[in-house]
Amino acid sequence: MDIEHLKQLQGVDIEITNVLQEKLELEETLKRDEDGYRSAEESIAEFDKSYGQLDTDKRAKEAEIQQTNEMIKRWDARLKEAKSGREYQAFMREINGAKKDIGEIENTVLKLMEEMEKIDKGREQQKQQLDEIGKRLQQMSAQSRERISFLAKQIEGFEAERGRIAESVSAGLLGLYEQIRKQRSIAIVAVKKSVCQGCYMNIPPQLYNEVMMNSRIIHCPHCQRILFYEAEDHGAVQRNPKKNKKAV
Ligand SMILES: [Zn+2]
């Protein structure tokens, strides 16, 4: 009977959906961690780049200080040999100007060093994050990948089983099942005490009798799902696909 095959088909489809869901979640977690690791790495590279730029600037400023100091030394020597008060004053002006310049450059160097320190702290934090993600990735990824490939094999098995069951269902009914499944996710449900277990609405008595007779495919007039009769003392078969599979 088609309805029994449909029930089996739905059981396998539910299994496939569940396994796919688990696989997808594992893959997403893995990808999130890998992306996180990559972006932490990129961020560290950015820090290094900024730090390197500041360091270059700092070295240039330090070289400037050195050059200016040498200039001061030269002026200082000429100052001692000054031939007039005017000449002496001129060298003094140069020397004082240069000393002022050095003060300003030293301030710039200090600011650069402060910035470098900030970058260094940020980099340190990022590095810690990177190490944490790295550790987690190492522990998880092997385990996750193993589980993912196990689940993929499981899905293959279910798909093969599904194919075998689907062969026993007429093409028209299979199409109908797929269509309802797309809209309602569960396509075939039990009727218990005249109540559709898909939408929990009452089925008219005449239709209920027909479902009990199980002689043709009956749709719930409210949710359009395909109905099958279930004795009242049974558990909610359609909610437990594994049990359902064994029952049929
Ligand atoms: Zn219904």
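Whatever order the structure lists ligands and atoms in, that order sets their numbers, starting from 1. Since the structure is predicted, the reported quantities are computational estimates derived from the model, not experimental observations.
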Exercise. Hey, which protein N/O/S atoms does the Zn ion (ligand 1) have under 2.8 Å?
Worked result: Cys196 SG, Cys199 SG, Cys220 SG, Cys223 SG
For this session: Rounded to the nearest 0.5 Å, what's the gap from CD1 on Ile218 to CE on Met213? Could you check?
Result: 7.5 Å
Exercise. How is the hydrophobic cluster of Phe47 composed, in terms of its other members, when Ile, Leu, Val, Met, Phe, Trp and Tyr link through side-chain heavy atoms under 4.5 Å apart, directly or indirectly?
Worked result: Tyr51, Leu54, Leu112, Met116, Ile119
Seminar exercise, completed: For residues 139-152, the salt bridge (charged side-chain N to carboxylate O under 4.0 Å, His left out) pairs (sequence neighbours left out) are Glu22-Arg147, Glu34-Arg145
Exercise. At what distance, to the nearest 0.5 angstrom, does CD of Glu104 lie from CD of Glu64?
Worked result: 10.5 Å
For this session: Share the residues that join Val109 in a hydrophobic cluster, the rule being Ile, Leu, Val, Met, Phe, Trp or Tyr side chains under 4.5 Å apart at the heavy-atom level.
Result: Ile65, Met71, Ile72, Trp75, Leu79, Tyr88, Phe91, Met92, Ile95, Ile102, Ile105, Met113
Exercise. How many angstroms lie between CD in Glu94 and CG in Asp101, if you round to the nearest 0.5 Å?
Worked result: 10.0 Å
